[in-house]
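Model, not experiment: these values are computed from the prediction. Per chain, numbering begins at 1; letters A, B, ... match sequence-line order. Note: hydrogens, waters and symmetry copies are ignored here, and every other heavy atom, side chains too, is used.
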Amino acid sequence: MPDYDPKTIEAKWQKRWEEEKSFKVEADPAKPKYYLLEMFPYPSGRIHMGHVRNYTIGDALARFKMMKGLNVLHPIGWDAFGMPAENAAIQNQSHPDTWTHANIKTMTAQIKRLGLSYDWDREITTCEPEYYRWNQWCFLKFMERGLVYRKNSEVNWCESCNTVLANEQVVDGLCWRCDSEVVPKLQEGWFFKITDYADRLLEACKDLEGGWPEQVLTMQTNWIGKSTGAEVDFQIKDSKESIQVFTTRPDTLYGATFMVLAPEHPLTHSLSRGTKQEKTIDAFIKEVKNQDKIARTREGGEKLGVFIGAHAVNPLNGETIPVWTANFVLMDYGTGAIMSVPAHDQRDFEFAKKYKLPIRIVIRPPDGNTHADDLKEAMTAPGPMTQSGSFDGLAGDEAKQKVCEYLQSKKIGKATVQFRLRDWGVSRQRYWGTPVPIIFCEKCGTVPVPYADLPVVLPLDAQLGDKGQSPLKSLDSFINVPCPKCKAPAKRETDTLDTFICSSWYFERFTSPHEEKAPFSKESNRYWMAVDQYIGGIEHAILHLLYSRFFHHVFRDMGLVATKEPFAHLLTQGMVIKDGRKMSKRWGNVVDPDHIIDRYGADTARLFILFAAPPTKQLEWSDQGVEGSFKFLKRVWRLFEGSKNIFDDKPAGDDTEAELQTQLKDLRRIIHVTIKRVTEDIERRMQFNTAIAAIMEFVNHLQKFLEGWMKHPHEPSAKGQALFKEAIETLILVLSPFAPHIAEEMWERLGQPDTTHQAGWPEYKEEYLRADQIEIVVQVNGKVRQKLLVSESIDEASLKVKSLEDPRIREWTDGKEVKKVIVVPKKLVNIVAK
RNA sequence: GCGAGGGUGGCGGAAUUGGUAGACGCCCAGGACUUAAAAUCCUGUGAGGGAAACCUCGUGCGGGUUCGAUUCCCGCCCCUCGCACCA
């Protein structure tokens, strides 16, 4: 008997899959499709266990769906632009392009060793002009639709390196490279108006319920952060100026006893001019600006504020109230100014207490006490308005609505909504990215590069500086171009696009990766989209998924895609941990996938990863667990090799013997039960761990069965042989999505002409699931006291009698009164006796 | 603080609709095979009691509903993740 030899087997089948392009797919309207996608990797160097887990989960599903007869699109590509390439290039004196492509080569080889069912003809690499030209195309199309604009925004700036830093390059407020202090700097850049889609992206979350994890939908909802309320204008006393505020509680307007502006608010400075507060305000603005942004906005952080020197008029009651500025009011949310209602807002309450500002209750508390002095904390619950003139008595949404109507009629305010979501800044002052297709002309201004001139190719002859500045800024051959409009000398934009853009539509591209006239073909897209199952890490729960949804919504408005949402089902896989910690270089607990494959083979690695935990939970790496999976595959191999002679032999013996009959029926039942369990665990529950457990039990049964058979004086009957062969075939097929190499090898050795995924997924028959004899648990007062073997078809009355008459049960019921007998068909009997 | 998920043997985990808690695997112990080891196979393996048959206890803690609760309800503790001065 040849030993299980994963090295040879796996190399053989991987070669065959590659040569025969076994997983190449074409759109075929006659066949039902299934689009399965794992988040494509960043080519960082080598694959890690997180990747392996991601792809293994995806591959098991993909192969299962193929066997089920679906036309499965299962593509792979590379998210190849990004900062690590630049950093590595600086460190190794090489080029990001060289580094990236070398990594892709390494990782491709690693991925291929896992035996994944990818259609390699659809491979995408985002740093190739064939791909990123469509990033530029999208940028221009979005621009035509009014979704692109330029504005100033704050960036992290390192004075010493003279460069913009990404958030992750700022470590404890210091530059990661030179350790000098990072300062905020205003810089002009390009923005995508994702806020135009805020409401629709929020609304569409409802369509994703059931298909997406609730947690992710909650995160997206919070991130978009819609709040409804009103904008209200407060006139400045003795001035033409007015302050606009946003509030979610227009029903508390009568309780506004002061106002607070953000320190950055232009009126903070201007209103204080000419007052006694001038110097205090200037000092305060400076102080807050120097305060760490995070410290400033942390809850429990100290609320600091000063009086501005001006007063405003409450538009509803005409009262004069002081205007303050404070650190807790942020310029980039709402209007940068608030009306303060200390009685009904906790922050305002704390602020009012600290600075001895008046507090007035305008929402009637349940106990009716409207003495503000008695308040211990703000009363934020809704309730009827009080001390609010003609609005008294109105409550909740109706109250808010009435106040808004009044404001609107007086033209001093209106109902409105606010979003926490900010527009998406897409400018990066980096080299290794998609050039922004814009030309600046002195005469014509900002000129888009004509579509015919795309792509704007990223010059590969640029040399990176040692501090991380983009070399594009000083590359004359790149910068200097004639203006597309007036042909006068002009300058190219040197910013590149955020790499999130690459990943925001790659899944659309996979539907027609070689399309040359458009980012993707409408027809292919219509057939393949939406992605039926998307699999990736939870770390992308917000940005990547939100941006991708945004792109898809815009594409839909452009008439390019047919579905409302891009990803019908989302699975967020759990982390891989070892010794209780995330597997990472930082903790020095990394297990290299290559080493595992070298030692045990890909099938073992895949099987372990799928068996050790359900996909959504974290996975504790265990070398012994890997060993266990390897042992299991060896057992399967031995079972297979050992049973071959049974169905090789000529049929003999007879199958009329009762015991053997029962055994065979049992075997048949186990085959069908196993198919059912594995099928449902994959399809309905996506619990590969229990699917594999079912297969292990199946193997245990078959082994026992085989042993018993060998001991039996008779030769196996023809029927028995056929059934056992069916069992082995079933085993191979259900194992195939998880451990495809060994499955394929055994399938071939069995003399099958096709492959396992051509053979199709086995079906179970309901009628074969039943056993003649079933075990019934008999309880007395809820405690298990006996187990009865009864006929499957026993009626309730006889089962009752049988249970009550059982001697072991009598021991517990004798001398007691049987009050009640509960019978759960085919499961249990519970006797209540007192 | 708010929201979500979780807490089950020595470990990873199972229990699908309220119905045998601990499937499957790992570890460990004993045995078989072997000159020996590895590999493989067999047996045992939640805790306590018992020679055994069996019995009692047991799913974070405390209550409740129910014939019956890991599962449902109420209160509490702990862990993980996300959000958090958002007006």
Side-chain angles (χ1 to χ4, degrees), chain A residues 3 213-219 221-223 225-227 229-230 245-249 252 260 262 296-303 326-330 332-341 345-348 350-351 418-421 538-539 541-542 572 574-575 607-608 611-614 616-629 631-632 634-635 638 677 680-681 684-685 687 689-700 703 707 775-787 808 811 819-834:
Chain A
D3 278 346
E214 217 181 280
Q215 191 195 5
V216 176
L217 289 176
T218 309
M219 284 163 77
T221 306
N222 291 342
W223 189 260
K226 180 177 181 173
S227 50
V245 301
F246 173 73
T247 176
T248 53
R249 293 295 301 272
T252 63
V260 188
R296 178 178 158 190
T297 54
R298 187 171 36 221
E299 192 175 2
E302 202 187 359
K303 292 176 178 50
N327 61 346
F328 73 92
V329 176
L330 310 171
D332 57 4
Y333 184 78
T335 60
I338 60 166
M339 64 175 202
S340 270
V341 186
D345 181 286
Q346 188 58 27
R347 292 157 307 169
D348 296 348
E350 285 166 26
F351 195 74
Q418 270 294 327
F419 292 96
R420 210 192 74 106
L421 180 70
I538 186 83
E539 65 273 20
I542 300 176
T572 49
M575 272 190 316
L607 199 73
F608 166 72
F611 178 63
T616 52
K617 288 204 186 158
Q618 61 176 226
L619 180 142
E620 169 83 37
W621 187 268
S622 151
D623 292 332
Q624 281 147 347
V626 176
E627 194 80 43
S629 293
K631 258 159 69 179
F632 171 71
K634 283 199 284 190
R635 281 180 67 201
R638 268 197 312 276
R677 282 175 67 187
E680 290 184 352
D681 281 350
R684 282 229 265 279
R685 310 201 302 154
Q687 285 219 152
N689 54 331
T690 47
I692 292 166
I695 299 173
M696 287 174 168
E697 282 182 66
F698 189 42
V699 169
N700 291 346
Q703 218 160 34
E707 262 167 48
E775 195 185 64
I776 298 287
V777 170
V778 186
Q779 301 181 329
V780 178
N781 295 329
K783 289 195 171 156
V784 182
R785 297 302 181 189
Q786 179 63 303
K787 288 170 184 180
R808 290 263 313 272
E811 282 178 40
K819 299 256 187 199
K820 206 172 174 186
V821 180
I822 291 123
V823 179
V824 180
K826 295 180 189 182
K827 276 204 174 130
L828 115 176
V829 175
N830 189 13
I831 297 160
V832 186
K834 282 219 164 137

Rounded distance (Å) that lies between atom [atom2] of [N] and atom [atom1] of [X]:
X	N	atom1	atom2	value
A:Glu539	B:C83	CD	P	13 Å
A:Ile695	B:A14	CD1	P	16 Å
A:Lys819	B:G68	NZ	C1'	17 Å
A:Arg685	B:A14	CZ	P	9 Å
A:Arg249	B:A87	CZ	C1'	12 Å
A:Ile542	B:C81	CD1	P	15 Å
A:Asn781	B:U66	CG	C1'	13 Å
A:Asn327	B:A87	CG	C1'	14 Å

By nearest heavy atom, map A:Glu775 and A:Tyr333 onto RNA chain B; which one lands nearer the 5' end? A:Glu775
Per nearest nucleotide of RNA chain B, the residue lying toward the 5' end, A:Trp223 or A:Phe246, is A:Trp223
Would you say the side-chain atoms of A:Gln703 and A:Glu707 include a donor-acceptor pair closer than 3.5 Å? no
If you look at every strand shown and take non-hydrogen atoms under 4.0 Å, does [X] touch a base, only sugar-phosphate, or nothing?
X	result
A:Ser227	sugar-phosphate
A:Arg785	sugar-phosphate
A:Pro614	sugar-phosphate
A:Lys617	sugar-phosphate
A:Gln618	sugar-phosphate
A:Val777	base

[X] side-chain N/O to [N] phosphate OP1/OP2 under 4.0 Å:
X	N	result
A:Arg420	B:A84	yes
A:Lys634	B:C41	no
A:Arg638	B:C41	yes

Side chain of A:Asn830, base of B:C67: donor and acceptor closer than 3.5 Å? yes
Test for a donor-acceptor pair under 3.5 Å between the base of B:C67 and the side chain of A:Lys820, counting only N and O atoms. no
For nucleotides 25-30 of chain B, give me every protein contact, N/O to N/O, under 3.5 Å, one pair per line with atom names.
from  : atom 1 : to       : atom 2 : distance (Å)
B:G25 : OP1    : A:Asn700 : ND2    : 3.3

Pairing check on [N]: which nucleotide meets the Watson-Crick or G-U wobble criteria with it, both distances under 3.5 Å?
N	value
B:A52	none
B:C2	B:G82
B:C28	B:G44
B:A87	none
B:A39	none

For A:Val832 and A:Asn781, the nearest pair of non-hydrogen atoms, with its separation, is CA-OD1, 3.4 Å
Are there more than 12 heavy atoms of other residues, nucleotides or ligands under 6.0 Å from atom CD of A:Glu214? no
Find the distance between [atom1] ([X]) and [atom2] ([Y]) and round it off to the nearest 0.5 Å.
X	Y	atom1	atom2	answer
A:Asp332	A:Arg420	CG	CZ	10.0 Å
A:Asn222	A:Leu217	CG	CG	11.0 Å
A:Lys226	A:Leu421	NZ	CG	12.5 Å
A:Met219	A:Gln215	CE	CD	6.0 Å
A:Asn830	A:Arg785	CG	CZ	11.0 Å
A:Thr247	A:Arg249	OG1	CZ	8.0 Å

Measure from the side chain of [X], starting at C-beta and using heavy atoms only, and say which of [options] lies closest.
X	options	answer
A:Gln215	B:U16, B:A4, B:A87	B:A4
A:Gln779	B:C85, B:G19, B:U40	B:G19
A:Glu707	B:C42, B:A87, B:U40	B:C42
A:Val832	B:G3, B:C57, B:C67	B:C67
A:Asn689	B:G13, B:G12, B:A87	B:G13

Using the [atom1] atom as the point on both nucleotides, what is the distance between [M] and [N], in whole Å?
N	M	atom1	value
B:C27	B:U80	P	29 Å
B:G9	B:G5	C1'	23 Å
B:G22	B:U45	C1'	12 Å
B:A15	B:G60	P	16 Å
B:A52	B:U40	P	32 Å
B:C33	B:U43	C1'	15 Å
B:A4	B:A84	C1'	15 Å
B:G7	B:U70	P	14 Å

Tell me if B:G30 is syn or anti. Syn = glycosidic torsion within 90° of 0, anti otherwise. anti
Check for me whether the distance between the ring centres of A:Phe611 and A:Phe632 falls short of 6.0 Å. no
Are A:Phe351 and A:Asp345 close enough, and set up right, to give a side chain to side chain contact (heavy atoms under 4.5 Å, CB included), and what steps lead you there? CA-CA 10 Å; A:Phe351 195 74; A:Asp345 181 286; over 6 Å; no
